[in-house]
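The structure under discussion appears below in the form of structure tokens.
The first residue of the sequence shown is numbered 1, and numbering continues consecutively from there.
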Amino acid sequence: MTLNYKIIVHIMGLLLLCNGGFMGLSAGISAIYKDGATLEIGMAALVTLAAGAMAMLSTKGHKKEVKRKEGYLIVTFGWIVMSISGVLPYLFTDSIPSFTNAFFETVSGYTTTGATILNDIEILPEGVLFWRSLTHWIGGMGIIVLAIAILPILGIGGMQLFSAESPGPSADKLHPRITDTAKRLWYIYVGYTVAETILLQLAGMSFFDAINHSLATLSTGGFSTKNASLAYWNNDPLIQYIVILFMFLAGSNFVLSYFAFKGKIQKMLRDEEFKFYTGFVVFFTLIAAVTVYLKANVPVSDYHPMVLGEAESAFRHTLFQIISVITTTGFVTADFTSWTPFLTVFFFGLMFLGGCAGSTSGGIKVMRHLLIIKNGLLEFKRTLHVNAIIPVRYNNKMVPEKIVYNIIAFLVLYMLLFIIGALVLSFLGLDFITAIGGAATSLGNVGPGLGSLNPLANFDGLPALGKWWTAFLMLAGRLELFTVLIILTPYFWKKI
């Protein structure tokens, strides 16, 4: 089977056009705020648009068919091409003059990791800050899902792209046509973003801060316009509670949000993954909040009417950090690694959890944990009843063995890549705590790590090779391993 390279290049061109359009929007923001970077961001947009147009025009006569191999290549190279073009606003404005640093920041944005190499975020032009947040928002729902909604114009089917972009165990669709599914997901995504922006403004944020933090929240990204992240608003609990709510929604399955808006609340409440996701948040928050209240010092707000003192502050900061890490958003209100050694290990473990399948969060995902635990418990029954067929069930439906094997393979690969990731970082000179934290946070797209990569620090101190390596881990984690790793295998390139 010969690869259809023309369709791959053609879709790369389409993605570059989309990226250039978003850069143009950032140039508009720059012009409104008169930050002095309008021309440079505009030039970055023109270069990207020109590259996209050339790619599309040069492959005009392509065969309009995307098979599975092309799907994997389009998704992986789509993210790489978007990241390479996404560095231009940083380079042209001299906000991040180093290509390695700019690429790291861009990959961190598109993969919604939220790790940064910037030491002073607040000195950046508004147009660059907006572009930085937009990279989160574009990557959050998936660059390819966005393209799926546009592909019918070109007469191209998108099922292969969707399966490559979303290789997880969830197969729910909102509509029989995959393009309509993508559109409905984007309607919900945009709607939540607008709603959070309005609420944050009403709570006291400026419009610019509100829109940027909404873009980062719904994408479970974590880039902030402030050096202190959400800790900048520690004296405004209402702002932090609003962000908590939308982080929780962003970490839940967007398909369930659609059903809820259609009046099918019971479908959401009966969903096993959603129940476990909510239960994890409540249970882990109670454990951490009690520990923080009894043993750790956290900042206490001093003038907001909602403040109930230390108990409320301990609850809010722990709830915020629990949801931020579980959903892999990465916003911080305090340095959780400074609370207690127990909580440092506790939060490290949460980096491997992830939100729900069908959400914008990274990590392993609650559904995979749920199914692997169920399968593990059923092994006790299978050991006693050797000849019995005892399937794993999810939402009262039998889960095919193929899915269970896929999840086991995913977990093995995930842990193997985590170990290799930590080994590489330690080889590059990082201490043990920093190495394991850096590998876990990069692979899980969480953002803050441990050691010298703690929530109040950044990734600027990593050696250049370390930045490229963690960028690879971010990309592999965001595309759920198989999509990236499969193209590195020799049999992928063999002609069938």
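Under the side chain to side chain donor-acceptor pair (under 3.5 Å) criterion, Tyr192 pairs with Ser257, not counting sequence neighbours. Listed by chain and residue number, Asp120, Ile121, Glu122 satisfy the side chain to side chain contact (heavy atoms under 4.5 Å, CB included) test with Asn227 (two or more places apart in sequence, or in another chain). The side chain to side chain contact (heavy atoms under 4.5 Å, CB included) check on Phe276 picks up Phe280, Val366, Leu370, with sequence neighbours excluded. Every residue meeting the side chain to side chain contact (heavy atoms under 4.5 Å, CB included) condition with Ser359, not counting sequence neighbours, appears here in chain and number order: Ser361, Lys365. Under the rule for a side chain to side chain contact (heavy atoms under 4.5 Å, CB included), the partners of Ile198 that lie at least two apart in sequence or sit in another chain are Val194, Leu202. Legend: residues meeting salt bridge (charged side-chain N to carboxylate O under 4.0 Å, His left out) with Asp35, ordered by chain and number and at least two apart, are absent.
Remark: the backbone N or O of Thr197 is paired with a side-chain donor or acceptor of Ser214 at under 3.5 angstrom. Of the possible donor and acceptor atoms, none in the side chain of Thr489 sits under 3.5 Å from a partner among the backbone N and O of Leu485. The main-chain N or O of Gly354 is never found under 3.5 Å from a side-chain atom of His369 such that the two would form a donor-acceptor pair. The backbone N or O of Val107 sits nowhere less than 3.5 Å from a side-chain atom of Trp79 that would complete a donor-acceptor pair. Remark: the backbone N or O of Arg478 is paired with a side-chain donor or acceptor of Asn445 at under 3.5 angstrom. Judged purely by atom type and a 3.5 angstrom limit, Ser30 uses its side chain to pair as donor or acceptor with the backbone of Thr38. Looking at Thr344, its side chain does come within 3.5 Å of a backbone N or O of Thr340 through a donor-acceptor pair. Listed for the Ser219 side chain is a donor-acceptor partner under 3.5 Å among the backbone atoms of Ala216. Formation of a donor-acceptor pair under 3.5 Å by the Asn253 side chain with backbone atoms of Cys356 is not found in this model. The main-chain N or O of Gly447 is found under 3.5 Å from a side-chain atom of Thr441 such that the two form a donor-acceptor pair.
Listed by first then second residue, pairs satisfying ring-ring contact (aromatic ring centres under 6.0 Å, His included) with a partner in residues 445-469 read Phe103-Trp468, Phe104-Phe459, Trp469-Phe472, not counting sequence neighbours. Pairs engaging residues 408-431 under the side-chain hydrogen bond (donor to acceptor under 3.5 Å, both in side chains) rule: Asp431-Thr434 [sequence neighbours left out]. Every pair passing salt bridge (Lys or Arg N to Asp or Glu O under 4.0 Å) that includes a residue from residues 209-233 is listed here, sequence neighbours excluded: Asp209-Lys226. The stretch residues 88-108 participates, sequence neighbours left out, in these salt bridge (Lys or Arg N to Asp or Glu O under 4.0 Å) pairs: Glu105-Arg132. Within the structure, every pair that satisfies the salt bridge (Lys or Arg N to Asp or Glu O under 4.0 Å) test and touches residues 446-468, not counting sequence neighbours, is listed here: Asp460-Lys467. Applying the ring-ring contact (aromatic ring centres under 6.0 Å, His included) definition to pairs two or more places apart or across chains, those involving residues 193-219 are Tyr33-Phe208, His213-Trp233, His213-Phe331.
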For this session: May I have the step-by-step check of ring pair (Phe, Tyr, Trp, His ring centres under 6.0 Å) for Phe248 and Tyr277, ending in yes or no?
Result: CA-CA 9 Å; Phe248 180 82; Tyr277 169 61; 4.8 Å; yes
For this session: Evaluate ring pair (Phe, Tyr, Trp, His ring centres under 6.0 Å) for Phe284 paired with Phe346, printing each intermediate quantity in order.
Result: CA-CA 9 Å; Phe284 293 144; Phe346 184 82; 5.7 Å; yes
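A pairwise comparison of heavy atoms in Ile7 and Glu70 identifies CG2-CG, 4.2 Å as the closest pair.
A donor and an acceptor atom, one from each side chain of Asn19 and Ser85, are located under 3.5 Å apart. Judged purely by distance below 3.5 Å, without hydrogens or angles, the side chains of Gln240 and Thr333 never pair a donor atom with an acceptor atom. Side-chain contact of Thr111 with Thr113: a donor-acceptor pair under 3.5 Å is present, judged by distance alone. Remark: the Thr470 side chain and the Ser442 side chain contain no N/O donor-acceptor pair separated by less than 3.5 Å.
Considering only heavy atoms from C-beta on, Thr225 stays 4.5 Å or farther from Met205 through its side chain.
Applying ring-ring contact (aromatic ring centres under 6.0 Å, His included) to Trp137 and the options Trp186, Phe130, Trp131 leaves one that passes, Trp186.
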